[in-house]
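Okay, so here's the structure we're looking at.
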2 protein chains.
Amino acid sequence: MNIGDVSDLSGLPTKTIRYYEDIGLVHPARGANGYRDFNEREAHRLTFLARARSLGFSIEECRTLLSLYADRSRASAEVKDLARDHLDRIAQKIRELDALRRTLETLVSQCHGDDRPDCPILDDLSGTLGKPT
Amino acid sequence: MNIGDVSDLSGLPTKTIRYYEDIGLVHPARGANGYRDFNEREAHRLTFLARARSLGFSIEECRTLLSLYADRSRASAEVKDLARDHLDRIAQKIRELDALRRTLETLVSQCHGDDRPDCPILDDLSGTLGKPT
DNA sequence: ATAGGTGTTCCAGTAACTGGAAGGTCAATG
DNA sequence: CATTGACCTTCCAGTTACTGGAACACCTAT
């Protein structure tokens, strides 16, 4: 398969696939014309990567997941730990964003938002008032 | 004030402050020795930036906010619009992360996580099963 | 004089791509 | 056979918002 085919298959842009080869996540063979030639296994690694990335795993986590996937004797506990760490980070990020959202909502609701110049949002940013949050 | 002083004041690392000067967010004067010399106004801009960044506004949004802040005649509606756009993006991000969290939670809960090799998480990533989410 | 704590510049690296230029290859058509 | 257009190649640069480090100047105090 050429790069365009695995791109269609995996949903990853060709640019990204070439990048993944650069950083050693896939190892396609090369045809006589210099084109990359993906076999089943390499194509499968790409769909695996696409899914793992869409779940928010970092490239390095994906690298680990791929090696765990290739290791037929690894314990599922290793994978679960990685996934749980990732889950914790996501949950933490959500909490942070939610705190941010609440602060911003308060500020936005306090700003009358008309053509007058006084603005509680800028007042907060400039620190001229006791800060909320 | 030297850069170290405004760093203490604003909570921003000196590296970041130099970077902010590079990209034109602050314009400190220079002393005879070549050291940056921050007056009240420039120091204030830095605390403004620190707060705006901590609320998740991008550098370019901060640039806009600073100019709106400097413009005594601007309408508060402009600021409110910017803040609301930002709020919308945050809310969207939260929704996405939450969907991710739910998917991962399902996967993690399905994995027995012991020393056996079979693992629903990897199965999902490899696409050998109907995908949840 | 010297030591430590500042400050300066400049270069490179981070994460994960993305865009674009310049050019080679392939399949089909006229 | 030539050409067209889609596809492929490599390489370089840019993105975001910094961060680290090297090499060097300066300032204060002992």
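Throughout, protein chains are lettered first and strands after them, A, B, ... in sequence-line order, and every chain is numbered starting at 1. Below, each value reflects all heavy atoms present in this structure, side chains not excepted, and no hydrogens, waters or symmetry copies.
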- Query: Excluding sequence neighbours, so at least two apart, what forms side-chain hydrogen bond (donor to acceptor under 3.5 Å, both in side chains) with D22(B)?
  - Reply: none
- Test salt bridge (charged side-chain N to carboxylate O under 4.0 Å, His left out) applied to R30(B) - qualifying residues, sequence neighbours left out: E21(B)
- Of all residues at least two apart in sequence or in a different chain, which pass the ring pair (Phe, Tyr, Trp, His ring centres under 6.0 Å) check with Y20(B)? none
- Task: For DNA chain D, find the residues of residues 6-24 of chain A with a heavy-atom distance under 4.0 Å and give them by number; none if there aren't any.
- Result: K15(A), R18(A)
- First encountered from the 5' end of DNA chain C, between I3(B) and A32(A): I3(B)
- Task: Could you tell me whether the side chains of H112(B) and D118(B) share a donor-acceptor contact shorter than 3.5 Å?
- Result: yes
- Task: Rounded to the nearest angstrom, tell me the gap between atom CZ in F57(B) and atom P in dT16(D).
- Result: 18 Å
- Item | Results of ring pair (Phe, Tyr, Trp, His ring centres under 6.0 Å) for F48(B) - residues two or more places apart only | Y69(B)
- R41(B): what forms a side-chain hydrogen bond (donor to acceptor under 3.5 Å, both in side chains) with it, not counting sequence neighbours? none
- Query: With sequence neighbours excluded, what pairs up with A91(B) under the side chain to side chain contact (heavy atoms under 4.5 Å, CB included) test?
  - Reply: R101(A), R95(B)
- Readout for nucleotides 24-29 of chain D: B = base within 4.0 Å of protein heavy atom, S = sugar-phosphate only, - = neither; 5' to 3' it is --BS--
- Item | I59(B) CD1 - dC18(D) C1' separation (whole Å) | 9 Å
- Query: Listed by chain and number, what are the side chain to side chain contact (heavy atoms under 4.5 Å, CB included) partners of T14(B), not counting sequence neighbours?
  - Reply: I3(B), S7(B), R18(B)
- Can you give the first and last nucleotides of DNA chain C, 5' to 3', that have an atom under 4.0 Å from a heavy atom of chain A? dA16(C) to dC26(C)
- Query: Of all residues at least two apart in sequence or in a different chain, which pass the ring pair (Phe, Tyr, Trp, His ring centres under 6.0 Å) check with F57(B)?
  - Reply: H86(B)
- Which residues share a side-chain hydrogen bond (donor to acceptor under 3.5 Å, both in side chains) with R89(B), sequence neighbours left out: E61(B)
